[in-house]
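The figures here come from the full heavy-atom set of this structure, side chains too, leaving out hydrogens, waters and symmetry mates.
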Amino acid sequence: MKKEIITILLLSFFAVVYSQDMQLIKGGSYNYKLNVGSAKKVLIKDIYVDKHEVTIKGFMEFVKATGYKSDAQKKGYSIAIKNYGQLGVDTLWGADWRCDSRGVVRNKECYNYPVMHVSYNDAIAFAKWKGKRLLTEEEWMYVASAKSSGKLEERLWCLENSKRADKAWDAHAVCTKEPNVLGVYDIFGNVEEFVFHDTKQDRPYLAKGGCFWDFLESYKTMLGRQMCVMYPDYTSDRFGIRCAKDVK
């Protein structure tokens with residue numbers, strides 16, 4: 001009897017902890033769009049999903065606790081898209097998870113911004129440390145496909161609304177736009193989120209959701225909200241992290 005009470009108390013404690021930064025997503029079936037005019041029926045189990053993208057503060061706690069060195073730190077640089085209207089990308093020497101879209105280290109007032117300049121490797125390592133995992137592509141699409149009220153631009157940071165006072169485009173603090181009906185913030189826009197990569201499949205690594213560099217119009221089609229990268233150590237100002245956890 002005593003063990004049962006302790007078990008119930010522990011489960012209640014963890015439920016409260018998850019309710020603070022994670023949202024319980026009830027599973028179900030839906031038509032997963034493979035490409036234009038093609039879909040398959042997918043069954044999703046109940047999962048916990050981060051309410052918002054991992055912040056600089058959250059990633060900093062990971063680094064301090066483990067001494068982790070990110071891929072951008074190992075390489076000594078990250079990649080950033082040139083300001084809109086300019087072709088190509090910039091190599092930001094010295095840029096890593098502490099930095100903004102121009103490679104400048106953020107101040108403490110911006111620690112609630114989503115971490116960027118992280119790789120798929122970094123996302124996996126962070127999730128493991130938290131006792132979580134990345135969403136599968138199917139799970140991510142299930143969360144993203146939930147219908148939401150209000151205008152699209154009220155729920156995401158995109159090219160049209162993400163310019164800073166100094167005219168540079170950048171991500172913005174998490175939870176400053178409206179969540180979707182599931183209570184999940186920034187599933188579209190702000191930064192793209194890596195999804196789990198099955199190494200048995202011959203395909204690129206994927207990040208979903210679009211980011212502050214993408215036009216609002218591109219969010220109106222499923223295919224317009226996905227980026228492919230060939231290497232797990234690739235870093236950019238586009239990419240961030242969102243985690244999930246199985247419901248046991």
Side-chain angles (χ1 to χ4, degrees), residues 14 17-18 21-25 32 42 44-80 92 95-99 111 113-144 171 174 184-211 225-248:
F14 286 119
V17 171
Y18 287 130
D21 65 349
M22 303 194 83
Q23 186 71 32
L24 175 62
I25 306 297
Y32 171 56
V42 176
I44 302 296
K45 296 180 179 179
D46 294 354
I47 53 171
Y48 290 105
V49 173
D50 285 349
K51 290 181 179 178
H52 58 75
E53 294 154 339
V54 175
T55 62
I56 291 176
K57 180 182 178 181
F59 200 83
M60 182 182 294
E61 291 171 352
F62 162 56
V63 171
K64 287 183 176 180
T66 64
Y68 182 81
K69 195 170 185 179
S70 70
D71 278 329
Q73 289 174 301
K74 293 175 185 176
K75 295 185 294 184
Y77 70 90
S78 186
I79 299 299
L92 302 180
D96 57 40
W97 59 268
R98 298 167 294 183
C99 298
Y111 282 3
Y113 280 49
V115 67
M116 58 172 62
H117 300 297
V118 287
S119 67
Y120 178 84
N121 291 335
D122 299 334
I124 289 290
F126 174 85
K128 184 177 180 180
W129 176 73
K130 292 288 287 185
K132 301 179 182 180
R133 61 174 176 80
L134 299 186
L135 284 81
T136 66
E137 185 178 0
E138 291 81 6
E139 288 171 339
W140 190 95
M141 294 290 281
Y142 179 73
V143 176
V174 300
V184 177
Y185 293 83
D186 294 325
I187 195 70
F188 297 132
N190 226 10
V191 291
E192 297 199 63
E193 303 158 8
F194 287 108
V195 293
F196 175 73
H197 179 80
D198 186 349
T199 55
K200 296 177 183 179
Q201 297 179 0
D202 183 20
R203 68 175 191 181
Y205 293 81
L206 297 180
K208 308 287 287 186
C211 76
R225 297 191 291 266
Q226 173 173 294
M227 276 290 291
C228 302
V229 295
M230 298 306 298
Y231 305 106
D233 64 346
Y234 183 84
T235 62
S236 165
D237 61 340
R238 292 188 68 98
F239 303 132
I241 307 170
R242 188 188 302 271
C243 299
K245 188 173 179 70
D246 296 319
V247 175
K248 296 180 180 180

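- For the pair Gln23/Tyr185, no side-chain contact is recorded, criterion being any heavy-atom separation below 4.5 Å from C-beta on.
- To the nearest 0.5 Å, the span separating CZ on Phe126 from OH on Tyr68 amounts to 11.5 Å.
- Ring centers of Phe194 and Tyr205: at least 6.0 Å apart, outside the cut-off.
- Aromatic ring orientation, Phe62 versus Phe59: perpendicular (interplanar angle above 60°, classes split at 30° and 60°).
- Between Asp71 and Thr235, the shortest heavy-atom distance links the atoms CB-CG2, 4.2 Å.
- Interatomic distance, CD1 of Ile241 versus CG of Leu135, reported as 12.5 Å (0.5 Å rounding).
- Pairing each heavy atom of Ser119 with each of Pro232, the nearest pair is CB-O, 3.3 Å.
- Contact between Val191 and Cys211 at its shortest, heavy atoms only, is CA-CB, 3.9 Å.
- Contact check for His117 versus Leu92: side-chain heavy atoms found under the 4.5 Å cut-off.
- Under a 3.5 Å cut-off, the side chain of Lys74 and the backbone N or O of Asp233 do not form any donor-acceptor pair.
- For Glu193, the salt bridge (charged side-chain N to carboxylate O under 4.0 Å, His left out) partners are Arg242, not counting sequence neighbours.
- The side-chain heavy atoms of Asp122 and Trp97, taken from C-beta on, include no pair separated by under 4.5 Å.
- For the pair Ala171 and Pro114, the tightest heavy-atom approach, listed with the atom from each and the gap, is CB-CG, 3.8 Å.
- Atom CE of Met22 sits about 7.0 Å away from atom SG of Cys243, to the nearest 0.5 Å.
- No side-chain heavy atom of Tyr142 sits under 4.5 Å from any side-chain heavy atom of Val42.
- Taking the six-membered ring where tryptophan is involved, the planes of Trp140 and Phe188 are perpendicular, since the angle between them exceeds 60° and thus also 30°.
- Rounded to the nearest 0.5 angstrom, Lys128 NZ and Leu134 CG are separated by 13.0 Å.
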>> Under the criterion side chain to side chain contact (heavy atoms under 4.5 Å, CB included), I'd like the reasoning laid out for Glu138 against Ile44: C-alpha separation, chi angles, the key distance, then a yes or no.
In response: CA-CA 8 Å; Glu138 291 81 6; Ile44 302 296; 4.1 Å; yes
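- For the pair Leu24 and Tyr48, the minimum side-chain heavy-atom distance is below 4.5 Å.
- When all heavy atoms of Met230 and Pro204 are compared, the closest pair comes out as SD-CB, 3.9 Å.
- In terms of modelled atom types and a separation under 3.5 Å, the side chain of Thr55 and the main chain of Gly58 share a donor-acceptor contact.
- For the atom pair CE (Met227) and CZ (Arg238), the distance works out to 4.5 Å, reported to the nearest 0.5 Å.
- By the 4.5 Å heavy-atom criterion applied to side chains, Tyr120 and Val229 are not counted as neighbours.
- Arg133 meets the salt bridge (charged side-chain N to carboxylate O under 4.0 Å, His left out) test with Glu139, Asp246; sequence neighbours excluded.
- Between Asp21 and Lys132, at least one side-chain N (NZ, or NE/NH1/NH2) sits under 4.0 Å from a carboxylate O, which counts as a salt bridge.
- Rounded to the nearest 0.5 Å, atoms CG (Leu206) and OG1 (Thr136) are 11.5 Å apart.
- When the options Met116, Glu53, His52 are evaluated for a side chain to side chain contact (heavy atoms under 4.5 Å, CB included) with Asn190, the one that passes is Glu53.
- Taking the side-chain contact (heavy atoms from CB on, under 4.5 Å) definition, one finds that Tyr111 meets it with Ile56, Lys57, Met60, Lys108, sequence neighbours left out.
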